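Beneath this line is the structure, given in structure tokens, with notes to follow.
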Amino acid sequence: MITGKYPSLRLRRNRKAEWCRRLVEENNLTSNDFILPIFLIDGKNKKINIKTMPDVYRYTLDKLLYVVDKAIKKGLPMVALFPYTDKKKKNPLGTEALNEDNLVCKAIQLIKKKFKNEIGIMCDVALDPYTSHGHDGLLKSGYVLNDETNEILVKQSILQAQMGCDVLAPSDMMDGRIGEIRKSLDKNGFKMTQILSYAIKYSSNFYGPFREAVGSKGLLKGDKKNYQMDFRNSHEALREVSLDIKEGADMVMVKPGLPYLDIIRLVKDNFKIPVIAYQVSGEYSLLMNGIKKGFTNKDIIVESLVSFKRAGANAIVSYYADKLDKII
Ligand code: PBG
């Protein structure tokens, strides 16, 4: 690998000026690398800030098209929709997930009607925005039921596909759900609807602000450790990915991002499938608060985002996606 030695070889020569550093750069960010998460809320003409996530908002549907239009103009390939669900609409079964008039369904239709194929729409498949206990599936004696939850996730997937969702993103970590969803999509004529599996989703302490954003924070009973992955493990992550690929996933997600760069690299080296990293809410809040308090400068954002590319991610779900022109 090394073809010379000091003093004839000086690696600092290629770093001597900015033009040269640009010339030899190995990784960079473009707008194609980003997916913008958008939080939705019922009501009219509102843009509500989220306490724990500076500069991130929940939008009512009448403001949504403006947000999506901006995303298109910035060249982003896809947005991800997340609903804040009113407490009154939550119950233990999360039935609001299957309501064809729910926020996500209405949002998909609005976006598709106006923008057609100008931008992709990704939707979470999971029950946590809709359940009164805050879990991603059906709860029985403190345990989240697998197969019974899958039945509902399949229905939620078909509904979202019918509305026009391009990419279904099961984020629930039930076993076997990718296969069930794929089978049902094909049977129902949605052969081209993609599945981005949250194949590797760790039971993480970095999701706190998101749970505030979708209104499931105070509700969560216990933790999600009996379905989301143990952060002490990495071989298990490879088993998850290999199963999901066999079951029909088109892309896989690694989540959270920054503390799991080793996992992104591991997946990329072992499977030749697009890998998406999710820079989650807790990462965003930590960076933003550090910047706002002056503990660090805003270049820390680019540094952390480039690290995802260096680790092998094809794209990044990031709350910075709509703020890139100010960053890169
Ligand atoms: C829910 C879901 C979560 C996130 C995306 N989908 C939270 C959780 O599993 O509790 C987290 C995103 C973030 O923290 O930014 N299935």
Side-chain angles (χ1 to χ4, degrees), residues 34-40 50-58 78-85 90 94 96-97 103-104 122-139 144 146 149-150 152-153 156-157 160 165 167-174 177-178 181 195-231 240 252-260 276-289 304-305 308 316-322:
F34 288 93
I35 299 166
L36 173 68
I38 303 176
F39 294 111
L40 308 164
I50 298 162
K51 248 196 347 260
T52 50
M53 300 180 75
D55 299 336
V56 176
Y57 302 90
R58 302 185 193 108
M78 185 154 78
V79 292
L81 303 177
F82 296 102
Y84 173 95
T85 308
K90 299 191 186 202
E96 178 67 6
L103 262 177
V104 168
M122 156 183 157
C123 293
D124 250 36
V125 179
L127 300 183
D128 60 305
Y130 309 109
T131 51
S132 45
H133 43 68
H135 281 287
D136 294 34
L138 302 179
L139 194 63
V144 171
N146 195 86
T149 297
N150 278 350
I152 304 179
L153 297 178
Q156 186 184 20
S157 301
Q160 293 182 159
C165 175
V167 178
L168 293 166
S171 69
D172 53 284
M173 289 299 279
M174 297 302 115
R177 88 282 203 216
I178 300 299
I181 292 171
I195 299 179
L196 162 51
S197 172
Y198 284 75
I200 307 174
K201 180 170 181 179
Y202 283 95
S203 178
S204 170
N205 300 291
F206 284 87
Y207 304 147
F210 175 93
R211 291 179 190 165
E212 186 213 328
V214 300
S216 67
K217 195 168 191 181
L219 301 177
L220 185 63
K221 289 213 170 73
D223 55 46
K224 299 192 176 184
K225 289 184 182 167
N226 66 44
Y227 48 108
Q228 298 181 348
M229 263 189 62
D230 185 333
F231 56 71
E240 284 286 0
V252 294
M253 180 95 83
V254 176
K255 179 182 174 192
L258 213 50
Y260 297 90
I276 315 293
Y278 199 138
Q279 183 191 47
V280 301
S281 57
E283 301 175 55
Y284 175 86
S285 297
L286 284 173
L287 293 179
M288 276 312 241
N289 286 318
S304 54
L305 291 171
F308 291 114
I316 309 154
V317 184
S318 172
Y319 302 97
Y320 287 114
D322 59 345

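Order of appearance sets the numbers: ligands from 1, and atoms from 1 within every ligand. On a predicted model such as this, the values are computed, not experimentally measured, just so you know.
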Under the criterion side-chain hydrogen bond (donor to acceptor under 3.5 Å, both in side chains), I'd like the reasoning laid out for Glu212 against Thr52: C-alpha separation, chi angles, the key distance, then a yes or no.
CA-CA 8 Å; Glu212 186 213 328; Thr52 50; 2.5 Å; yes
What do you reckon, does Lys201 put a non-hydrogen atom under 4.0 Å from ligand 1?
yes
Which residue supplies the protein heavy atom nearest to atom 6 (N) of ligand 1, what is that atom called, and how far is it?
Asp124 OD2, 2.9 Å
For Tyr207, does the six-membered ring have the charged nitrogen or CZ of Lys224 within the cation-pi criterion, i.e. under 6.0 angstrom from the centroid and within 45° of the normal?
no
Under 4.0 Å from a heavy atom of Tyr319: give me the atoms of ligand 1 that qualify, with their elements.
12 (C), 13 (C), 15 (O)
Should we say atom OH of Tyr57 is surrounded by more than 12 heavy atoms from elsewhere, each under 6.0 Å from it?
yes
Is the closest heavy-atom distance from Lys224 to ligand 1 below 4.0 Å?
yes
As a quick check of understanding, evaluate side-chain contact (heavy atoms from CB on, under 4.5 Å) for Leu287 and Gln279, giving each step before the final call.
CA-CA 11 Å; Leu287 293 179; Gln279 183 191 47; 3.7 Å; yes
Side-chain contact, heavy-atom cut-off 4.5 Å: Pro37 with Met122?
no
Please write down residue, atom name and distance for the protein heavy atom closest to atom 12 (C) of ligand 1.
Phe210 CD1, 3.3 Å
Tyr227 vs Thr149 side-chain heavy atoms within contact, under 4.5 Å
no
Give the numbers and elements of all ligand 1 atoms closer than 4.0 Å to a heavy atom of Asp136.
1 (C), 16 (N)
Under 3.5 Å between any N/O of Arg211 and any N/O of ligand 1: does that happen in this structure?
yes
Protein contact to atom 1 (C) of ligand 1 [nearest heavy atom, distance to 0.1 Å]:
Asp128 OD2, 2.9 Å
In the structure I gave you, are the side-chain heavy atoms of Pro259 and Phe206 within less than 4.5 Å of one another anywhere?
yes
among protein heavy atoms, the one nearest atom 14 (O) of ligand 1 is Ser281 OG, 2.7 Å
Part of Val280 with heavy atoms under 4.0 Å of ligand 1, whether side chain, backbone, both or neither
both
Does Ser171 use its side chain to pair, donor to acceptor, with the backbone of Ala126 at less than 3.5 Å?
no
So, is Gln228 polar-close to ligand 1, with some N/O to N/O distance under 3.5 Å?
yes
Does Tyr278 reach ligand 1, in the sense of a heavy atom lying below 4.0 Å from it?
yes
Can you list the atoms of ligand 1 that are under 4.0 Å from a heavy atom of Ser171?
1 (C), 6 (N), 16 (N)
Got the closest protein heavy atom to atom 5 (C) of ligand 1, with its distance?
Lys255 NZ, 2.6 Å
Among Tyr278, Phe231, Tyr260, which residue meets the ring-ring contact (aromatic ring centres under 6.0 Å, His included) test with Tyr202?
Tyr260
